[in-house]
Amino acid sequence: MSQEPQTAADPDARSGRSPAPTLHVDALLDDPATRIVVCCGSGGVGKTTTAAALALRAAERGRKVVVLTIDPAKRLAQSMGIDSLDNVPRRVKGTEDRREEAPGESAEPGELHAMMLDMKRTFDEVVETHADPERAAQILANPFYQTVSGGFAGTQEYMAMEKLGQLRAKDEWDLIVVDTPPSRNALDFLDAPKRLGSFLDSKLIRVLTAPAKLGGRAGMAFLNVGMSMMTGTLGKLLGGQLLKDAQTFVSAMDTTFGGFRTRADATFKLLQAPGTAFLVVAAPERDALREAAYFVERLAAEKMPLVGLVLNRVHGSGATRLSAERALAAAENLAEPGIVDQADGNADVRNSPETDGSSDSGPEDAAADPDRPVDELTAGLLRLHAERMRLLAREQRTRDRFISHHPEVAIVEVPALPGDVHDLTGLRDIGDRLAAGHTELS
Amino acid sequence: MSRLQVVSGKGGTGKTTVAAALALALAGEGKRTLLVEVEGRQGIAQLFGTEALPYEERKIATAPGGGEVYALAIDAEQALLDYLQMFYKLGSAGRALRKLGAIDFATTIAPGLRDVLLTGKACEAVRRKDKKGEFLYDHVVMDAPPTGRITRFLNVNDEMAGLAKIGPIHTQAQAVMRVLKSPETAVHLVTLLEEMPVQETADGIAELRAAGLPVGRVIVNMVRPEVLDAAELDLVRTVPHTAVARALSSAGLGGGQRGGHAERLVDPLLAQAAEYAERHTLEQEQRAVLGELDLPVDQLPLLAEDMDLTGLYELALELRKQGLS
């Protein structure tokens, strides 16, 4: 499958690319109606960096922004001053005012605040806010609570959404950018609150928490038999103490919160609201784009407003006119000095190869030829280029496959960087690339 | 070689691919391995190009050398119903539990029960014997949750044993923990030569060690080929533009004079080399970090094409060469 796309030889047209609408990042960030941007995608595609770069860009364009990151790289967190775990947004220092028009008198420069989610702390806060001190203490001490809040499957997702709800309710920021947890399943952050909500509202819970009520009704007698058998089974299975802890936990939570479902539903509605924009983040790799396609479909099914796909780490080349095959053939020419003389008339620009290159190409000869190291390096450059062109072709195929299935999704491509992003300068650079909206030739 | 091989890694590092390649590598002559998936993502089915795996052990590949690879996607709900059936002979009551949401409760909300069931099922496969009293599977390879959650996932039985102080769950949790903390188990972490995955690997190893879980190897995935050596990387910085133009021209790529075809290639090619050099330096830094972990480090090459069965076989052979099987 090393076949080159036809257009590789045509540097300007790039006509082999399927048309996909371009995602205009600045238009999205500048629109005052945009209140929440959710970055979702599979793990390892640069979600956190994208969220931080978008937030910084929006702030420097004049908005008051808070970014909620889930698990940022240590150095990135440090550079934003959010490596401490106090679970409240911190003003990020070192932002610049990069508004395009001269700010009017009333217009204040933007601000960037950032925080890193502390899942356990968020859960504790929920309890402390909604329960009286005595009950809160009781819940916090419950072993069941301690294990759940410490981060079993779903809790992180739930708390990320809870925190989003809290930030939105504060109304201190006009834009909230959220990173989503690296989930087991891509949309756990949507499903977990619902699951938790519907479970806590379920028949089972009513049984666990108030068996007496059911038992009192004659018509329910038959049901009650089933129930006691069931709680008995659960008790046997989990151990009586655990069941009792669970019952205490659930009843304390339930009565205190007036129902998790209400909260989960509110979060869900917030995500469906017109001011919310979902960005799916992916890399031009098969698995990441497959996951992205799944996101696109799920978001549509849940009526969540998707605004587009951020395709990170797209490779480019300044020499696309030189195909992988030609580059490799030329590299071979250089690697075998005897063949060099067959190249078209360049005798005027380099020593005649017949005199010093066509003899045995032993190492001592190579060392004697002052051009050898350059030839070998050039051969290396050409092999590197061939590798790059193959990567480009593969990325393009993967991307085109996605577009053919989802032609309606607007895309912005972000060129690959050789290293990681650690500071605001790096984030600003990513922001510029996001806004440029197409692959810069590097 | 430990009989339970747990493969974890940061998202995007290719842990499912590595787990599958490892299962193939371990299935030597006449051997049988079981590849288990615990996160319900059907990654194994996608990798092997088969339809979604049911909750059932199924042969999915013949390894180079004739061994067999079976696969199983463990479903927590189904595992719980099995478990209830096994211990309590619950027929319709099981269904009733499901209707009430109890199964959902138990597998999603009850702290760690889900993870207990998943690890429990894997350990059961490790210990299972055939009629002749021999182990049914020579090795079980688990495509485990990512590095950030692996210690909690494997250690959940300890927590569970602490929470449920008596009863069958308690007993089960303890039995599972005995396997997981023994030399019968090895936990491998897959990483890339990039800062975040390497950092997460180092953190993950520290956590695993602190929990008393047996750390196996570090597997560096998607290692790019070395195209330019150290001397060439030095030369890239100093080589005269015109010399490269001449070399390109002599290789048949057009005119080397200013504005000629070959000459116009020089800048982009040198820019690509500079990117390569920068990445190379970063990779060397990450190698140094991995070197400090005091663990065997294996390397798997970045393959030119999207991962498929051919690529898996290639990686499996590579793992065998490096002595992982």
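Order of the sequence lines fixes the chain letters, A, B, ..., with proteins taken first and strands second; residue numbering starts at 1 for each chain.
Per-residue counts of heavy-atom pairs under 4.5 Å with chain A were compared for B:Gln46, B:Glu200, B:His280, B:Lys10; the largest is that of B:Gln46. When each of B:Leu192, B:Val239, B:Leu253 is checked for heavy-atom pairs under 4.5 Å with chain A, B:Leu253 comes out on top. Taking A:Thr398, A:Leu384, A:Leu381, A:Leu417 one by one and counting their heavy-atom pairs under 4.5 Å with chain B, the maximum is reached by A:Leu384. In terms of heavy-atom pairs under 4.5 angstrom with chain B, the leader among A:Leu391, A:Leu382, A:Val45 is A:Leu382.
Checking side-chain atoms of A:Glu395 against main-chain N and O of A:His315 turns up a donor-acceptor pair under 3.5 Å. A donor-acceptor contact shorter than 3.5 Å is absent between the side chain of B:Thr147 and the backbone of B:Thr201.
Only the side chain of B:Gln199 comes within less than 4.5 Å of a heavy atom in chain A; its backbone stays farther off. In this structure, chain A has no heavy atom under 4.5 Å from any part of B:Val266. Heavy atoms of A:Glu387 lying under 4.5 Å from chain B belong exclusively to its side chain. Using a 4.5 Å cut-off between heavy atoms, B:Leu265 contacts chain A through its side chain alone, with no backbone atom that close. Looking at B:Leu228, the atoms closer than 4.5 Å to chain A (heavy atoms on both sides) all sit in the side chain, from C-beta outward.
Checked against salt bridge (Lys or Arg N to Asp or Glu O under 4.0 Å), B:Asp203 has the following partners two or more places apart in sequence or in another chain: A:Lys74. Checked against side chain to side chain donor-acceptor pair (under 3.5 Å), B:Glu263 has the following partners two or more places apart in sequence or in another chain: B:His241.
Contact check on B:Arg237 versus B:Asp234 returns a salt bridge, with a Lys/Arg side-chain nitrogen under 4.0 Å from an Asp/Glu carboxylate oxygen. Here B:Glu39 pairs with B:Lys15 in a salt bridge; the nearest charged N to carboxylate O distance falls below 4.0 Å.
For the 3.5 Å distance criterion, the side chains of B:Asn221 and B:Thr13 fail to qualify, holding no donor opposite an acceptor.
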